[in-house]
Each structure stands twice: as C-alpha cells, then as structure tokens.
Amino acid sequence: MAINLEDPKKLKPLREQVHQVAMNMLRPISRKYDKAEHEYPTELDMLAAMADGLAESGQGEGAGATGVRRDSKPDDGKVKNGANMSSVLSVSEMCWGDVGLTLAMPRQGLGNSAIASVANDEQHERFDGIWASMAITEPGTGSDSANIKTTATLDGDHYVLNGEKIFVTSGDRSDAVVVWATLDKELGKAAIKSFVVEKGTPGMKVERLEHKLGIKASDTATITFTDCRVPAENLLGSPEINVKEGFAGAMATFDNTRPLVASMAVGCARAALDYTRDLLEKAGVEIDYDRPAHLQSAAAAKFIQLESDYEGAYLLMLQAAWMADNRQPNSMEASMAKAKAGRMGSDVTLSCVELAGTIGYSEGELLEKWARDSKILDIFEGTQQIQQLIVARRVLGLSSAQLK
Ligand SMILES: Cc1cc2nc3c(=O)[nH]c(=O)nc-3n(C[C@H](O)[C@H](O)[C@H](O)COP(=O)(O)OP(=O)(O)OC[C@H]3O[C@@H](n4cnc5c(N)ncnc54)[C@H](O)[C@@H]3O)c2cc1C
C-alpha cells in the first residue's frame, strides 16, 4: 500500500468547518481563559454539543479524541483515510485556535482515546458519551510508567484501588478517570491494567489543581484513591495477566494518542507561522520559495527553515495516523511523529516570538501564549527523550531492558 502524502480530499470540508470553529469560537476567548486559570470555559458546552450532534448524524464521525478506535470491519485491502486521520486533522485545526481550550473540550479527553483504543465492545457502548481523563503519572512515577505503585485488588465483584495520581488533565471536570493500577507489583508491567473510575465513586478525591506555564484553560488535578471500589467490569480490556504480552495492551493507547498530541503541536505551530508570515509581509519582508534561503533576508531565511521543520512534523503525523487507519503497527512512527512535532512546536513558536520582537513578547497578541502552550506537547504522553528512546529501541532492535 502506498501513502499519498497530501491532505485527503474527502476530509477537506471537515477540516474547513473545524477551522471556522477554531477561528470564531476559540480564538476570541483564548486570552480570557489564559488569564482566568481554573475557571471553566462555559462556551465549550455549546461546542461540545455541536460535536456530539455531528457525531450522531455521522458527519463528524471519528473527529476528536474518541476517533482513534481501530476499525473492526473486515479489511478489504483498500487504502483508507479513516477515523485516525480525521482526528489528527480536526484536532490540529482546533489547536490552531487554542490548545488549552481543545484539551478542555468536554467528552474529548485522553481517557476517551484510551477507552476507544482498548475497551471491548460492551465497554465501548457503556462508556459512550462520557468525558474521561487519563491518570498514569504518580508522585514517584513519570516516564518510568512501568513503575506504577497504585494498586488494584480484586474483592468479590469489585477492584479496590489505592494510590495517588498527579497531573491529571481534566481530572476535576471529567465524568470519569481512566486509572492505571497494578494487579500485582511482583509480576511487573504485565500486571498494569486501566480502570474506569466514575466521578462520585467513594474513595476518589480531587486534592488540588496545578498552576501552570501554559494551557491554563485546562485543569490539571491531583487525585487520591483510598479503598476506592470500582466494579470489576470497569477494567478495560482483559483482566488476564499475560507476562509474555507485557505492557503491550496498555501501551496500545499510545500508538493512537501520540499522533493526536503531535497534531496539537502541528496546529499550534501553524497558528504561530500564519501570524508571523502576515507580520513579516506587512513589514515588507519578502519570502520567496523559489530562491535559495541564503540569498534572502535573515528573517525570510529563518521563516523558510521554520516552515520546513513544520512540514516534517506534519508529514510524520499524517504517516502515523494513516498507518493506524490501515491497521499497520505504528508504535515507532507514532513516537517519531510525537518527538518531531513536540520539538518543532516549541522551536517554531518560540522562534516566531523572536522574529516578531516586542509584538511577539507582548500580551497584546497571542504569540507569547502559543510559545507557553506548546511546551507541554513535548512533555505529556511521553517526553521528547522517551520518544527518542522508543525510536532508538525499534531501529536498533533492542528491548527496553537492553536500552534504558
Ligand atoms: C500540564 C500537564 C498535564 C499532564 N497531563 C497528564 C495526564 O492527563 N495524565 C497523566 O498520567 N500524566 C499527565 N502529565 C504528566 C506527564 O505525562 C509527565 O510529566 C511526563 O510523563 C514526564 O514525567 P515526569 O514529569 O515525572 O518526569 P521524569 O520522568 O522524572 O523525567 C524528567 C526528565 O528526565 C528525562 N528522562 C526520564 N527518563 C529518561 C531516560 N530513560 N532517558 C533519557 N531521559 C529521561 C525526561 O525526558 C525529562 O526530561 C501531565 C503533565 C503536565 C505538566
């Protein structure tokens, strides 16, 4: 199967529609919620209802965080641009509008992507329409997610959860949290399973919210679990501990969510590039794509370099999503896309601040905000260094024990 690295034509209307939403509904409230950290952006309720309506009518199918479920229909051998592709394209357009507000969108949490990725059909139906956040990180566990200490102990028809999760995006506002916990610490990473814990479950408590550098519209919570009883049927996927499979089950989520985070960086960088191009043109800087960069002004040459960096990330994002839609294993490509886009997002937005000078640094415009917002995209869902480690292991054929 060959990849055509152009925007799929059939997704153009969806993309244009989302772009209009980003421009007319997110941009106007961007600064407001950057200033009012922890205040819920009520404007998003209408937007989320619109997205639900589109999904129900079949028009917006696959767009957003829930769109990453891999197709279970029989493979007809034809090349597909499906739910993963529409998700990355629509999420990047939303993030062209505002990354923090996109992350705060009801029913579009990373927990929703986890459910879409690993839930069985019954669970998929049961959790349809809920807003789910994702809780992996703990005070003693970040990149080393195999080291999770939160425990889940079977007691009758319930699991009893105990532990603490930190930095849970939408952890306060979401209807449920997808919690990673271990069934048996002795059995290592194969025993780590994810559990859907619904809001209001006794024993689950939001302790505090973080103050952050960027994405201030998105709430980031610390949540504790104390003898928190969760119905056994809320364990996502299989309860079996398959030591041979190891971490593969839980990790499958990342193959779908990392391209999505890459698309956020792509969208935010595009916002900065679009704004800076306008600014340079108004200042009389001509950007000529037919002439070598070194023969142009320093500002034009820098801009061309930033755009090529952007283009590289954009193509890797398309590749990772396309492979997911076409049922090809994409762990390495998902990490490549996330590594490249995460780094590019920070470099491009900060370089645009530099090119725009005082305008770039001022709160009068959104450039400085985009530079702050983009940094997180190089940290969560696996940092830059961790993505590079994963790619290196795949390229060199080494296991996680051999290359740490
Ligand atoms: C705003 C925000 C939102 C978040 N949302 C969520 C969420 O919704 N759910 C969730 O579970 N988590 C979330 N996180 C947590 C995030 O996923 C972690 O911060 C991330 O995984 C890194 O873990 P850490 O902060 O403990 O850093 P560490 O793992 O302690 O890493 C510190 C530094 O060391 C580097 N490093 C670590 N190991 C290696 C290695 N083997 N080789 C080379 N370098 C290495 C890292 O890249 C990093 O630069 C969020 C974080 C933030 C800031």
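Just so you know, ligand 1 is whichever comes first in the structure, and atom 1 is the first atom listed for that ligand.
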**Student:** Is atom 33 (C) of ligand 1 touching the protein, meaning some protein heavy atom lies under 4.0 Å away?
**Tutor:** no
**Student:** Within the supplied structure, the quantity of interest is the number of heavy atoms (other residues, nucleotides, ligands) at a distance under 6.0 Å from K12 NZ; does it exceed 12?
**Tutor:** no
**Student:** Scan side-chain atoms only and decide if N256 and S113 contain a donor-acceptor pair under the 3.5 Å cut-off.
**Tutor:** no
**Student:** Does ligand 1 have a heavy atom under 4.0 Å from the side chain of L389, from its backbone, from both, or from neither?
**Tutor:** side chain
**Student:** Give the atoms of ligand 1, by number and element, whose distance to some non-hydrogen atom of I136 is under 4.0 Å.
**Tutor:** 10 (C), 11 (O)
**Student:** Purely on distance, is any nitrogen or oxygen of M134 under 3.5 Å from one on ligand 1?
**Tutor:** yes
**Student:** Could you check whether any heavy atom of I376 sits closer than 4.0 Å to an atom of ligand 1, since that is the contact criterion I want to use?
**Tutor:** yes
**Student:** Take atom NZ of K185 as the centre, draw a 6.0 Å sphere, and report whether it contains more than 12 heavy atoms from other residues, nucleotides or ligands.
**Tutor:** yes
**Student:** Backbone, side chain, both or neither: what part of K165 comes under 4.0 angstrom of ligand 1, heavy atoms only?
**Tutor:** neither
**Student:** Identify the residue among H19, R270, Q20, Q17 that makes a side-chain hydrogen bond (donor to acceptor under 3.5 Å, both in side chains) with E93.
**Tutor:** H19
**Student:** Hey, what's the ring geometry for Y275 with W370, parallel, tilted or perpendicular (30° and 60° as the breaks)?
**Tutor:** perpendicular
**Student:** Assess, by modelled atom type and distance only, whether the side chains of S374 and T349 contain a donor and an acceptor separated by less than 3.5 Å.
**Tutor:** yes
**Student:** For atom 29 (O) of ligand 1, is the nearest protein heavy atom closer than 4.0 Å?
**Tutor:** yes
**Student:** Which ligand 1 atoms, with their elements, are less than 4.0 angstrom from a heavy-atom of K212?
**Tutor:** 1 (C)
**Student:** Looking only at protein heavy atoms, identify the closest one to atom 19 (O) of ligand 1 and say how far it is in Å.
**Tutor:** I379 CG2, 3.9 Å
**Student:** Roughly how far, to the nearest 0.5 Å, is CG of D373 from CD of E368?
**Tutor:** 8.5 Å
**Student:** Does CD in E125 sit with more than 12 non-hydrogen atoms of other residues, nucleotides or ligands closer than 6.0 Å?
**Tutor:** no
**Student:** In the protein, which heavy atom is nearest to atom 4 (C) of ligand 1, and how far is it?
**Tutor:** F167 O, 3.3 Å
**Student:** Return the residue, atom name and 0.1 Å-rounded distance of the protein heavy atom closest to atom 8 (O) of ligand 1.
**Tutor:** T169 N, 2.9 Å
**Student:** Just which atoms of ligand 1 are under 4.0 Å from any heavy atom in Q385?
**Tutor:** 43 (C), 44 (N), 46 (C), 47 (O), 49 (O)
**Student:** At what distance is the nearest protein heavy atom to atom 18 (C) of ligand 1, and which residue and atom is it?
**Tutor:** T137 OG1, 4.0 Å
**Student:** Checking a contact table here: which protein heavy atom is nearest atom 36 (N) of ligand 1, and how many Å away?
**Tutor:** S143 OG, 4.4 Å
**Student:** Please identify which atoms of ligand 1 are closer than 4.0 Å to at least one heavy atom of I386.
**Tutor:** 38 (N), 39 (C)
**Student:** Measure the distance from atom 24 (P) of ligand 1 to every protein heavy atom, then report the residue, atom name and distance (to 0.1 Å) of the closest one.
**Tutor:** G142 CA, 3.9 Å
**Student:** Under 4.0 Å, heavy atoms only, figure out whether ligand 1 is touched by the backbone of T383, its side chain, both or neither.
**Tutor:** side chain
**Student:** Before signing off on this row, confirm whether D144 and ligand 1 have an N or O atom pair separated by under 3.5 Å.
**Tutor:** no
**Student:** How long is the gap from OG1 on T169 to CD on E210, to the nearest 0.5 Å?
**Tutor:** 10.5 Å
**Student:** Quick check on A135 - does any of its heavy atoms sit under 4.0 Å from an atom of ligand 1?
**Tutor:** yes
**Student:** With distance as the sole criterion, is a donor-acceptor pair present between the side chains of Y40 and D45 under 3.5 Å?
**Tutor:** yes
**Student:** Looking at atom 14 (N) of ligand 1, is any protein heavy atom nearer than 4.0 Å to it?
**Tutor:** yes
**Student:** Say you draw a straight line from CZ of R126 to CG of N120; how long is it, rounded to the nearest 0.5 Å?
**Tutor:** 8.0 Å
**Student:** I need the single residue from D155, T201, D157 that forms a side-chain hydrogen bond (donor to acceptor under 3.5 Å, both in side chains) with R229. Which is it?
**Tutor:** D155
